[in-house]
Amino acid sequence: MPTDSRRLPVPEVSHSPELFCSSDPTSLINDDSLRKDGRNPEEIAGIFMQCGTVSQAKGSSFCELHKTKVICSVYGPKDVEQKEDFQMIGKLKCDFKFAPFSCHKRRGHIADLEESELCEVLTQALSSSVCLHRYPKSQIEVYVIVLENNGSALAAAITAASLALADACIEQYDIVAAASVRVFGKENFLRDPTFHEEYFPHQLSKKNDFNNGVVTVALMPTLNQVCGVLSEGCMESSVLQEAIQTCTEEAQNLYAPLRKCLTSNLGDINV
Amino acid sequence: MDAVVGQVCIPGERLSSVELCQAGPGTYVRQGYVFASLAGLVAKEREKSSDLPLVSVKSKNKAQSVPEIGAIVTCKITQITSRFAKCHIIAVNNKTLSMPFRGMIRKENVRETDRDRVEIYKCFRPGDIALAKVLSLGDASCYLLTTAENELGVVVAHSDEGVALIPLSHNEMQCPKSFVKENRKVARPQSEHLAFPER
């Protein structure tokens, strides 16, 4: 693109001002055993859910988990593309994307490796709940966009996707609720971690205790079945078990707000 | 335990046991109980054929059905060849679909009599709206449809000038403007839709 010679040239490379801030060495829990945002370690984040936000889509939902905002649209069941093989069960196509402006560091427009991995976990969790055998030769498309990432984006995405599928009147065995927990040390579990509390591989841990990581669990509350688990980091098996148990309990507690969101969305229907 | 009619339910809620009710659309059976699979209102219908009532979940109008074998579909013819006519399925059992599915009517499935000597050009033209029945799921590219019944066939067709054709018989339609007769495989109008002038 030819540039205007009368303009002052801008620097070709720009850096985020956060790079030049001194890194915060404070620990995750301070002396009053409170987290950075003032919550207790066991305190869950405030949640807001709403269905029917995207008018063009068959079904949609918006989910807010503390400051993390996720929007999901569902299209289908529609005809499979020409090149796909014949299948008696339907196909579920998920797309997970962080919006370029959502994270601290600007993300590209094309899905990178992290987004592909989270998309895989999302697909896994939803495939267990959607009655795909009732939609032969069709595909259902689920698009999830994270508008603001302040931690627990995957958990919010799975919950939002399940709500959107219910809003689109796609048959499911059960709605899926997801929750995540940050593990550091044997006894420290932080529920619904924020972005600064999420696990980064380069963080140092205490000398004797190498337990450090993040666990996300997707659960079907009524059937009490876990349909997806993602665990990042290094943990002993007993710590991992306890973390999964904590996430499962938290996901169970999400059932009541999920139900309220869906029933209030139904409004008045004529039978 | 039994679900109350008109009660709001979400996917995964237990509605009733198999001994009390039959599972209808919008529900599934697991371990001897009927669960809801859609978010909506519970409805119960008493079927004459069986003793047990049929429990189903009625959701907003959005619930879209996928073409099933034996369903009557409304389709729009998109292309014709000497052996088949390809179409877009736009509605299933009178419920419009948000995205059309692809269907195909083969030469031997157009009518019941004289199946081999059918000329597709004299039965369908691109742009016609026709009623058909789903024969089978077909292959990856399209559903297989049939119009081999009196009530199935072309319902709406336009002439070259763009005027709607008027059906004359089971294989003829006439343009009211130019009075040109065109050949189509016409669907027989059902008796409840016919209005006769009072004498």
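Within every chain, numbering begins at 1; the chains are lettered A, B, ... in the order of the sequence lines, protein sequences first and strands thereafter. What's counted below: heavy atoms across the whole structure, side chains too, no hydrogens, waters or symmetry copies.
Of the residues considered (A/L258, A/T222, A/D174), A/D174 shows the highest number of contacts with chain B, using heavy-atom pairs under 4.5 Å. Between chain B and the residues A/R134, A/K78, A/K137, the largest count of heavy-atom pairs under 4.5 Å involves A/K137. No other option in B/G26, B/S98, B/P100, B/C9 has as many heavy-atom pairs under 4.5 Å with chain A as B/G26.
Defined by atom type and a distance below 3.5 Å, a donor-acceptor pair is present between the side-chain atoms of A/Q139 and A/E141. A donor-acceptor pair shorter than 3.5 Å can be found between the side chains of A/N224 and A/Q252.
Below 30°, between 30° and 60°, or above 60°: for B/Y143 and B/F101 the angle between ring planes is above 60°, a perpendicular geometry.
Only the side chain of A/M88 comes within contact range of chain B, judged by heavy atoms closer than 4.5 Å. Looking at A/L165, neither its backbone nor its side chain comes within 4.5 Å of chain B, counting heavy atoms on both sides.
Residues A/F98 and A/S102 come closest through the heavy atom pair CB-OG, 3.6 Å.
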With a 3.5 Å cut-off and sequence neighbours excluded, list the donor-acceptor pairs that the side chains of residues 67-80 of chain B form with protein atoms.
unit_1 : atom_1 : unit_2 : atom_2 : d
B/T78  : OG1    : B/K86  : O      : 2.9

